[in-house]
Enquirer: 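If you scroll down you'll find the structure; I have some questions about it.
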Protein chains: 4
Amino acid sequence: MKVLALLGSTRKNGNSEYLAKKILEGTDHTLVHLADKHIEPIVDLRHDEGGFSRVDDDYEELVELIEEHDVLLFATPLYWYGMSGPMKNFFDRWSQYLRDERFNLKEELTKKKAYVVISGGSSANIKGLPLVQQFNYIFEFVNMEFADYMIGAGVKPGEVRSDLAALEKAEHWNALFR
Amino acid sequence: MKVLALLGSTRKNGNSEYLAKKILEGTDHTLVHLADKHIEPIVDLRHDEGGFSRVDDDYEELVELIEEHDVLLFATPLYWYGMSGPMKNFFDRWSQYLRDERFNLKEELTKKKAYVVISGGSSANIKGLPLVQQFNYIFEFVNMEFADYMIGAGVKPGEVRSDLAALEKAEHWNALFR
Amino acid sequence: MKVLALLGSTRKNGNSEYLAKKILEGTDHTLVHLADKHIEPIVDLRHDEGGFSRVDDDYEELVELIEEHDVLLFATPLYWYGMSGPMKNFFDRWSQYLRDERFNLKEELTKKKAYVVISGGSSANIKGLPLVQQFNYIFEFVNMEFADYMIGAGVKPGEVRSDLAALEKAEHWNALFR
Amino acid sequence: MKVLALLGSTRKNGNSEYLAKKILEGTDHTLVHLADKHIEPIVDLRHDEGGFSRVDDDYEELVELIEEHDVLLFATPLYWYGMSGPMKNFFDRWSQYLRDERFNLKEELTKKKAYVVISGGSSANIKGLPLVQQFNYIFEFVNMEFADYMIGAGVKPGEVRSDLAALEKAEHWNALFR
C-alpha cells in the first residue's frame with residue numbers, strides 16, 4: 001500500500017508532522033509539505049465560457065502523486081479551527097482538476113482511502129470537530145472512503161508525544177499501511 | 001457605522017458578492033476582494049525564538065482597514081465546505097498580527113461586530129454549518145461579537161437572486177448598517 | 001397540502017408553538033403536542049429473536065397521522081442543546097414502527113417533506129446547529145426531504161415575536177403550505 | 001475517585017454498556033440503567049409564577065447519586081443520531097433541579113468531570129459528532145469539565161469488542177479511575 005502524506009503545517013517538525021511520521025515509519029510512502037510547493041489559489045472559472053486556464057505552479061505534480069498512491073493522509077494543525085491555508089488552496093484547486101481531461105482525478109479519487117490527522121490545543125478534540133465534518137463532506141463529494149481520523153493534543157513542537165491515545169492510533173494506522 | 005466587507009470569492013460578481021453588495025447599499029463601507037490582494041500564507045513562528053518576520057505583501061493594509069471599521073462582513077462562497085483559500089490565509093495571518101506591537105489588532109477586534117455571508121448550492125444550508133461553527137470559534141477566540149450569519153442558495157452567478165429569505169435578511173442588515 | 005405539526009415543548013404557548021401556529025394559519029393541518037400523548041421510550045429489541053412487542057400507548061395514532069399528511073413540521077424548543085425528551089422518544093420509536101408490517105411507515109416517510117422550527121436563547125442560532133445536523137441525519141436515514149429549518153430567538157413566552165427574520169420565514173412557509 | 005455511570009441504552013448488555021463496564025472494572029463506582037428508573041419528562045415551568053412542582057418519580061435519587069460521585073460517565077448508544085430518549089429526559093430535568101434549593105446540584109456539577117461513551121454503527125464516528133458537540137454545550141452550561149469522549153463501533157450486541165481503539169481508550173480511562 002502506497003501512502004501519500006500531504007502536510008498542511010507551515011512550520012517544520014510540528015505536531016501533525018510528528019504524528020504523520022509515526023504513522024509512516026517503515027511504509028512505502030511519499031511525504032509532501034504543501035507549504036513548500038507553489039500552489040496558487042483557485043480562480044473560479046467553473047461558469048466561465050472558456051473554462052479553467054493552465055496555471056504555472058506545482059499543482060499538476062501533486063495530481064500525479066495522488067494518482068500514484070493508494071492512501072491519502074492529510075495532516076494539518078488546527079489553524080483558526082480549520083485546515084491550514086495552504087491545504088485549503090490545495091483542495092480548492094480540485095475544482096479545476098476534476099474537470100481537466102489530461103488527468104483522471106475524478107475517477108482515481110474514488111479508489112483512494114483518506115485518513116486525517118489534526119493537531120491542536122487541549123480544546124481541539126471539540127473545536128476540531130467542524131473540520132472533521134468538513135473533511136467528511138469533501139470526501140463524500142468525491143466519493144472517496146473516509147477511513148479514519150485522529151485529533152492529537154499538541155501546540156508547542158513535540159507536545160503531542162504526551163498524547164498516548166494519538167500515539168496508539170498512529171501505531172494502528174502504521175500497522176495497516178505496512 | 002463603517003462596514004468593512006472582506007470578500008473571499010475568486011471570481012467577480014458571484015453570489016456571495018451579490019449579497020454583500022445588497023447589504024452594503026447606501027452604507028459607509030469599504031469592500032475588499034481578498035483575492036486581489038497579495039496575502040502570503042502564515043509562516044508559523046509562534047514558538048520560534050526570533051518570532052515572526054515582516055512579510056512583504058498587502059496584509060498590513062488590511063490590518064489597518066480592520067482597525068478603521070466597526071463591522072466586519074465576511075462573505076465567502078462555500079468552497080469544499082469551507083471558506084475560500086484566500087480568506088483562510090487571511091485568518092491564518094491573524095496569528096502573526098495579534099502579536100505585532102506596531103498594531104493594536106487584538107484589542108481592536110474585541111470592539112467589532114462580525115457578520116458572515118456564505119453562498120453555495122442547495123445543500124449549503126446544511127453542509128455550510130461546520131463553517132458557521134468554525135467562524136463562531138474564530139470570533140470567540142478573539143472575543144468579537146458574532147452578530148449574525150446567512151447562508152444563501154446560489155451556484156451559478158446571479159442564482160442567489162431567487163433566494164428570498166437571503167435577500168430579506170440582506171435588507172435587515174442593510175437597515176442596521178445605514 | 002396537509003401539514004402535521006408535532007410540537008416538542010412541555011409547556012403550552014411557548015415560542016416554538018407560537019412560530020408553528022404562525023406557519024399553520026389558514027392551512028389544512030393537524031397539531032399535536034407530543035407531551036400530551038403517552039409515548040413510551042423505545043425498548044430496543046432490534047436484535048432480539050422475538051422482535052418488538054406491541055406497546056400500550058398512543059404511538060400508533062401518531063404513525064397513522066404521519067401517513068395521512070404531506071408535510072411534517074417538527075417544532076421544539078432547544079432543551080439542553082437538543083430536541084425535547086418527548087420528541088426524542090417519538091423518534092426513537094420509529095426504530096420499532098419502521099419494521100411493523102401493519103403500517104407502511106418506511107415507504108410513507110420517503111414521500112413527506114420535513115420542516116424544523118427550533119426556538120431558544122440568543123445563542124441558539126449557533127448552539128442549535130448540532131440539532132439541525134441531527135435532524136438532517138435523521139431525515140437522510142429515512143430518505144425524507146429536509147425542506148428547511150429556522151432557529152427563532154425566544155426564551156420567555158412570546159419573546160420570539162421580536163425575531164423578525166423568524167416571523168418572515170414563518171410567513172414564507174405559510175404561503176407554501178396554503 | 002467515585003464514578004457514577006449513567007447508561008442510556010434501552011436494552012441490556014449492548015455495546016455502550018460493554019464499554020462502560022470495561023471502563024469501570026475494579027473501580028469504585030455506581031452503575032445506573034436510566035431506563036430502569038422512572039424519569040418523567042420535564043414540565044417546563046421556568047417562567048411560571050409557581051415554579052416547578054415536586055414530581056413523584058425516581059429523579060431525586062439520581063440527583064443524590066450525582067452529588068456523591070466525582071466522575072460522571074454518560075454511556076449511550078447513538079439512537080437517531082442523538083442520546084437515547086431516557087437520557088434526554090434525564091438531562092431535561094436538570095432545568096428543574098438546578099433551581100431546587102433542597103439540593104446543591106448547580107454547584108456540585110462544577111466539581112465533577114464528565115466522560116462520554118457513544119456506540120453506534122460504522123458511520124457513528126462522523127454522525128455522532130453533533131451529539132459530542134451537544135454534550136460539550138451541556139457541560140459548558142453547567143461549568144463541568146468535559147474530560148474526554150469515545151465513539152465505539154458496534155450495533156449488534158458484542159460487536160464493539162472488535163473496536164480496538166475504543167477498547168484501548170477504555171483501558172486508559174479505567175487506569176485513571178482506579
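By convention in this document, chain letters (A, B, ...) are assigned in the order of the sequence lines, proteins followed by strands, and residues within each chain are numbered from 1. Excluded from the calculations below are hydrogen atoms, water molecules and symmetry mates; all remaining heavy atoms, backbone and side chain alike, are included.
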Enquirer: Any chance CZ of D/R54 has more than 12 other-residue heavy atoms, nucleotides or ligands included, within less than 6.0 Å?
Expert: no

Enquirer: Could you grab the distance from atom OG1 of C/T10 to atom CZ of D/R93, nearest 0.5 Å is fine?
Expert: 10.5 Å

Enquirer: Quick check on D/E40 against chain C: is it the side chain, the backbone, both or neither that has a heavy atom closer than 4.5 Å?
Expert: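 It is neither, since no heavy atom gets under 4.5 Å.
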
Enquirer: What I'd like to find out is whether the side chain of C/Y137 reaches to under 4.5 Å of the side chain of D/I126, using heavy atoms alone.
Expert: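 C/Y137 vs D/I126: side chains touch.
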
Enquirer: So does D/G85 get a backbone contact from the side chain of C/D92, meaning a donor-acceptor N/O pair under 3.5 Å?
Expert: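 Yes; judged by distance alone, with no hydrogens or angles, the pair exists.
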
Enquirer: Answer yes or no: are there more than 12 heavy-atom neighbours, outside C/K112 itself, under 6.0 Å from its atom NZ?
Expert: yes

Enquirer: Between C/V132 and chain D, which part of the residue has a heavy atom less than 4.5 Å away: side chain, backbone, both or neither?
Expert: neither

Enquirer: Take D/N89 and C/N89 through the side-chain contact (heavy atoms from CB on, under 4.5 Å) test and state the conclusion after the steps.
Expert: CA-CA 9 Å; D/N89 276 329; C/N89 276 330; 3.3 Å; yes

Enquirer: Please report the closest heavy-atom contact between C/D44 and D/Y79, naming both atoms and the distance.
Expert: CB-OH, 3.5 Å

Enquirer: Is the distance from the ring center of D/W80 to that of C/F141 below 6.0 Å?
Expert: yes

Enquirer: May I ask you to name which of D/L45, D/V155, D/L131 has the most heavy-atom pairs under 4.5 Å with chain C?
Expert: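 Most heavy-atom pairs within the cutoff with chain C belong to D/V155.
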
Enquirer: Below 4.5 Å from any heavy atom of chain C, which atoms of D/P41 appear? Answer side chain, backbone, both or neither.
Expert: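 For D/P41, the side chain is the part near chain C, not the backbone.
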
Enquirer: Would one find more than 12 heavy atoms of other residues, nucleotides or ligands at under 6.0 Å from atom NZ of D/K2?
Expert: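 Above 12, so yes.
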
Enquirer: Counting only heavy atoms closer than 4.5 Å, note whether D/S9 contacts chain C via side chain, backbone, both or neither.
Expert: neither

Enquirer: Considering non-hydrogen atoms only, spot the tightest contact between D/K88 and C/M83 and give its length.
Expert: NZ-O, 2.6 Å

Enquirer: Would one find more than 12 heavy atoms of other residues, nucleotides or ligands at under 6.0 Å from atom NZ of D/K22?
Expert: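 Result for NZ/D/K22: open.
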
Enquirer: Most heavy-atom pairs under 4.5 angstrom with chain C, which of D/P157, D/S84, D/S123?
Expert: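 With the most close heavy-atom pairs to chain C, the winner is D/S84.
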
Enquirer: Would you say NZ of D/K111 has more than 12 non-hydrogen atoms from neighbouring residues, nucleotides or ligands within 6.0 angstrom?
Expert: yes

Enquirer: Hey, could you give me the CZ/CD1 distance between C/R11 and D/I42, rounded to the nearest 0.5 Å?
Expert: 11.0 Å

Enquirer: With a 4.5 Å heavy-atom cut-off, do C/Q133 and D/Q134 have their side chains touching?
Expert: no

